Amino acid sequence: MTVTALGLPSVLRREGREATAGVPTSGPLVEIYGRVATDLRVSLTDRCNLRCTYCMPAEGLQWLGNDQLLRPHELIRLLRIAVTSLGVRSVRFTGGEPLLVKRLEEIVAATAQLRPRPEIALTTNGVGLARRAGGLAAAGLDRINVSLDSVDAAHFAAITRRDRLPDVLEGLSAARAAGLEPVKVNAVLDPVTGRDDAVTLLRFCLDHGYQLRIIEQMPLDAGHRWRRGEALTADDVLTALRRHFSLRPDTAPRGSAPAQLWQVDGGPATVGVIAAVTHAFCSDCDRTRLTADGQVRSCLFSQEETDLIGLLRGGADDDAVEAAWRAAMWAKPAGHGINDPNFVQPARPMSAIGG
């Protein structure tokens, strides 16, 4: 099988000795294709107070029980191992909705105490952010991404099944006032209204000094209803934006960033487009993922997870946890495989994996 770095075809499956042969015991968190994971995405909860149509059903999901979730001291221990032993340099807290976690500021503060200190970011839907932005900044949070798919109140309510747009807009303002800059806005566009929403979102972000990132919808919904021909593509988005703005590629090196940046009307303002499906960037992926119930995932679309919470609660020492994490990442696939005819969507939805 030919393995590409662009998400297709899917990875060669490695089992048994082949999966663990040659796993490094020290140094950076490297995998068999040579990529190094320095960016840790940590899901703090699978719960959410919105019901976005592309993520979960209107009635919500069956949430993890409290005893299944990593306790703060367990999470902080894993963060310490990641930063001090595995070379993680940036930590992003996600959900579900991480603002639903009462001890979030405590977790951020403990992360900021790690050495070498990682960059600390948060992805949130913005509901409840207004009252917590200042405290999070004081705890050590560096940056924030706020999910906002439309600034049209009717469109927002239809997408999220909640009338909370004013709360999100207030949260964005509070984040900027707290110094959590650059404030980035993440948008997943509705197939019907998305072309118009892309234009109004970009105008809104330009007016307020936020950085817009438009993300292709991925097959990570709980109902497994994603259909390739229905979702807007990056090219669809750029075509819609070019009717109203002049766009040219940004000259700054992209590195491992998922967004391709475009200068708007000559710059310096930019808009980013994350084409995870149509122009996959798997060859530059530098992420490792930890779910709220203590599972390591090497990729959003992994079919397998490595249980760290079981090791912690079973009395394993740090060396054993580190070894398990290294083995999980060593077997990371070459690409997500979305464009492979044999692609199978992971059983867990985005809300349970973490963004």
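Quantities reported herein were computed from a predicted structural model and do not represent experimental measurements.
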Does any non-hydrogen side-chain atom of [Y] lie less than 4.5 Å from one of [X]?
{"X": "Asp39", "Y": "Ser256", "value": "no"}
{"X": "Thr123", "Y": "Phe93", "value": "no"}
{"X": "Leu61", "Y": "Pro57", "value": "yes"}
{"X": "Ser302", "Y": "Arg289", "value": "no"}
{"X": "Leu308", "Y": "Leu70", "value": "no"}
{"X": "Asp142", "Y": "Arg117", "value": "yes"}
{"X": "Phe156", "Y": "Val168", "value": "yes"}
{"X": "Leu129", "Y": "Leu99", "value": "yes"}

Would one find more than 12 heavy atoms of other residues, nucleotides or ligands at under 6.0 Å from atom CG of Asp265?
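Atom CG in Asp265 is packed in, count exceeds 12.
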Does Asn49 form a side-chain hydrogen bond (donor to acceptor under 3.5 Å, both in side chains) with Arg164? I'd like the steps, not just the answer.
CA-CA 10 Å; Asn49 44 11; Arg164 305 300 296 271; over 6 Å; no
So if I apply the side-chain hydrogen bond (donor to acceptor under 3.5 Å, both in side chains) rule between Asn145 and each of Arg92, Lys184, Arg213, Gln211, which one comes out positive?
Arg92
Could you see if [X] belongs to whatever hydrophobic cluster contains [Y]? Use Ile, Leu, Val, Met, Phe, Trp, Tyr and a side-chain cutoff under 4.5 Å.
{"X": "Leu69", "Y": "Ile309", "result": "no"}
{"X": "Val146", "Y": "Leu206", "result": "yes"}
{"X": "Leu261", "Y": "Val271", "result": "no"}
{"X": "Val237", "Y": "Val151", "result": "yes"}
{"X": "Val23", "Y": "Tyr33", "result": "yes"}

Please find the pair of heavy atoms, one from Leu180 and one from Ala137, that lie closest to each other, and give the distance.
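Heavy-atom minimum between the residues: CD2-CB, 3.8 Å.
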Less than 4.0 angstrom from a charged side-chain N to a carboxylate O is my criterion; do Asp167 and Arg162 meet it?
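Judged by the 4.0 Å cut-off on N to carboxylate O distance, Asp167 and Arg162 do not form a salt bridge.
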What's the spacing between [X] [atom1] and [Y] [atom2] if we round to 0.5 Å?
{"X": "Asp152", "Y": "Asp196", "atom1": "CG", "atom2": "CG", "answer": "9.0 Å"}
{"X": "Leu40", "Y": "Leu86", "atom1": "CG", "atom2": "CG", "answer": "9.5 Å"}
{"X": "Leu189", "Y": "Gln217", "atom1": "CG", "atom2": "CD", "answer": "9.5 Å"}

Sole residue of Ile107, Leu75, Thr288 in side-chain contact (heavy atoms from CB on, under 4.5 Å) with Val42:
Leu75
Verify whether one side chain among [X] and [Y] offers a donor that lies under 3.5 Å from an acceptor in the other.
{"X": "Thr239", "Y": "Asp236", "value": "no"}
{"X": "Thr291", "Y": "Arg297", "value": "no"}
{"X": "Glu97", "Y": "Thr124", "value": "yes"}

Looking at [X] and [Y], would you say the former's side chain and the latter's main chain have a donor-acceptor pair under 3.5 Å?
{"X": "Glu170", "Y": "Ala130", "answer": "no"}
{"X": "Asn125", "Y": "Ser147", "answer": "no"}
{"X": "Arg41", "Y": "Leu300", "answer": "no"}
{"X": "Arg326", "Y": "Pro28", "answer": "yes"}
{"X": "Glu216", "Y": "Thr278", "answer": "yes"}
{"X": "Arg51", "Y": "Arg161", "answer": "no"}
{"X": "Arg35", "Y": "Ala334", "answer": "yes"}

Check the pair Leu202, His244 against side chain to side chain contact (heavy atoms under 4.5 Å, CB included), reporting the backbone distance first and the verdict last.
CA-CA 10 Å; Leu202 182 51; His244 303 269; over 6 Å; no
Going through the checks in order, is the side chain to side chain contact (heavy atoms under 4.5 Å, CB included) test met by Arg176 and Tyr210?
CA-CA 9 Å; Arg176 184 173 58 183; Tyr210 307 140; 4.2 Å; yes
Measure up the Phe204 and His208 rings against each other and bin them: parallel (under 30°), tilted (30 to 60°), perpendicular (over 60°).
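Tilted, since the angle between the ring planes falls between 30° and 60°.
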Under the side chain to side chain contact (heavy atoms under 4.5 Å, CB included) rule, what do Asp190 and Tyr54 come out as? Steps first, then yes or no, please.
CA-CA 8 Å; Asp190 181 83; Tyr54 54 81; over 6 Å; no
Check against side chain to side chain contact (heavy atoms under 4.5 Å, CB included), Leu247 and Leu238:
CA-CA 8 Å; Leu247 301 180; Leu238 292 172; 3.9 Å; yes
